[in-house]
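Nothing here was measured: the structure is a model prediction, and the numbers come from that model.
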Amino acid sequence: MAAKRDNELQPELGRSLCRVRTEEGNYRGYKKDILTENLSERDNAVFACPRCKGILRELCISTDGEQFCSCCKKEREQTHPNIHVNNMILCFKCYCPLISRGCDWLGTLGDCENHLDTCGYVQEMCKLKCGVVLQRNDHVTHEKENCVQRIVKCEHCKKNFKFCELTEHLDVCPKMKVSCKLKCGVVMCRDKVAQHLGKECGQVEELCKLRCGMKLTRDELRIHVTDNCVQRVVTCEHCDKNFKFCELTEHLDVCPKVEVSCELKCGLVMCRDKVIEHIDRDCKEKEIECPFAKYKCVKLIKRQYLDTHLEEKETEHLKLKLDAIEDIVVKQSELIEKQNKTIADQGLMITKQNETITGQGDMVTKQNETITGQGRMIRKQNETIASQGDMIIKQNRKIETMSQEIGSLNKNAK
């Protein structure tokens, strides 16, 4: 029989179910309708209690000869028992008062109360005090499967709880499997959630550890710090040195190993640290001085056109060179003239010194040492004059040779 709440069923006093209940709620004699056979009128007059109308239970006889149940006796009423009739009544055959519920017990009135102490069809309150009233036969199933006060074991933490407390416990059970509240897809025990959120969950937002200022989820940060963070360290593909990504563009503007085009647009590509050398030595677009610049050819020419320039200006260059030679000859002639004048002046000085020596005869003795020194100086000067004379002779010869060359060049020019 299914369990019902106490507003549907009421608990029953088991052994009293075989007795008549008065309007006051008191239990008196045995019920007549549980007997297997109905009492005849004669038996009814003998075995029925005139007070409760039930079959006599623990028969008593008053002083005036009236017989009734001991529980129907009035206060201070004098009675004595009739054991022989009482034993007869206890031997009456009867059914269980709960035969309508399915109990098939059959016995005597004397055993009926004992039977009701164990009859499975008697309604009682749940022993676990859940408030449900049900038949004894249903108690075991109810207490194991349905009672809200039954003890159950949490399948997660293996601890015991009342069933009515289990739902509340499951909301906090540390061993219950729960999904991450940030919907990262990970399922874990509830007591691991804090650790998961603190260190593992990919959906927790954190500031970039490289201090770029970005706040992203851990999953996004794993990609961010390697691929997108402006503070990540990257290697210059040209010079193999490490830089922060935010500094890389600035570095590439000066990296010595970046390949760049010649700034003079000659079409060559080279490492930046080779550009200056290239321009100074090889660039065909570099404007350079003509090799005859020392002869006053003032034109700047791109290196690629130098050969053409030399071919086109060959005669002009020769004239410039001749002009330069003539200037040299003039300057050397002037220099020789100055040197001759110097020699003449020195000769005059020597003459004056000789005159002084002659005029100062009295001082000759005292100035012998001085004269001797001066004589040495004169000898050196004479040697110098002789050397300068030889040089003048050589220069004159060189002038004659250059004059001959100029004459030949003039003929060729004509």
Side-chain angles (χ1 to χ4, degrees), residues 1-60 67-73 81-152 163:
M1 181 176 179
K4 297 183 180 180
R5 290 290 174 184
D6 52 359
N7 59 348
E8 298 178 13
L9 296 178
Q10 295 294 330
E12 299 168 330
L13 298 175
R15 63 188 303 117
S16 299
L17 292 175
C18 62
R19 296 164 61 186
V20 176
R21 185 179 182 184
T22 65
E23 292 179 357
E24 292 81 15
N26 299 317
Y27 290 93
R28 304 300 186 184
Y30 295 112
K31 292 180 179 178
K32 296 178 182 179
D33 57 2
I34 64 174
L35 297 177
T36 56
E37 295 181 3
N38 294 328
L39 294 176
S40 62
E41 291 183 6
R42 185 179 67 83
D43 291 340
N44 190 56
V46 175
F47 300 113
C49 174
R51 296 183 180 180
C52 67
K53 309 303 179 184
I55 297 173
L56 293 166
R57 180 177 181 276
E58 297 178 359
L59 170 62
C60 294
Q67 58 183 14
F68 43 81
C69 302
S70 62
C71 53
C72 294
K73 181 176 69 173
N82 187 336
I83 297 175
H84 174 70
V85 175
N86 193 53
N87 287 337
M88 289 178 61
I89 292 172
L90 292 178
C91 292
F92 286 173
K93 295 290 183 180
C94 67
Y95 298 108
C96 174
L98 302 178
I99 188 172
S100 61
R101 297 179 186 174
C103 182
D104 57 359
W105 179 85
L106 180 64
T108 63
L109 283 178
D111 295 330
C112 188
E113 288 183 281
N114 291 333
H115 161 70
L116 288 172
D117 286 340
T118 59
C119 179
Y121 293 92
V122 175
Q123 294 175 168
E124 291 181 339
M125 188 76 73
C126 172
K127 295 178 182 179
L128 300 182
K129 301 180 181 180
C130 69
V132 172
V133 176
L134 65 166
Q135 294 178 7
R136 285 180 184 146
N137 289 338
D138 299 326
H139 273 233
V140 174
T141 300
H142 170 74
E143 291 170 6
K144 286 184 178 180
E145 300 177 6
N146 302 320
C147 182
V148 296
Q149 294 292 331
R150 72 186 184 274
I151 301 300
V152 293
F163 181 80

Donor-acceptor contact below 3.5 Å, side chain Arg51 vs main chain Cys69: no

Euclidean distance, Cys49 SG relative to Lys73 NZ, rounded to 0.5 Å: 13.0 Å

Cation-pi geometry met for Arg19 and Tyr27 (6.0 Å, 45°): no

Value rounded to 0.5 Å, distance of NZ in Lys53 from OG1 in Thr22: 13.5 Å

SG-CZ distance between Cys72 and Arg28, expressed to the nearest 0.5 angstrom: 5.0 Å

Proximity of Tyr30 and Phe92 rings by center, below 6.0 Å: no

Heavy atoms of other groups near Asn38 CG, more than 12 under 6.0 Å: no

Residue from Cys112, Ser16, Cys103 passing side chain to side chain contact (heavy atoms under 4.5 Å, CB included) with Pro97: Cys112

Residue pair Leu109, Leu35: steps toward the side-chain contact (heavy atoms from CB on, under 4.5 Å) verdict: CA-CA 8 Å; Leu109 283 178; Leu35 297 177; 3.9 Å; yes

Short side-chain to backbone donor-acceptor contact, Arg150 and Phe163, under 3.5 Å: no

Pairwise distance NZ(Lys127) to CD(Glu143) - rounded to 0.5 angstrom: 6.5 Å

Side chain proximity check, Cys18 to Leu116, heavy atoms < 4.5 angstrom: yes

Side chain to side chain, Cys96 and Ile34, heavy atoms closer than 4.5 Å: no

Mutual orientation of the aromatic rings belonging to Trp105 and His115 [parallel < 30°, tilted 30-60°, perpendicular > 60°]: parallel

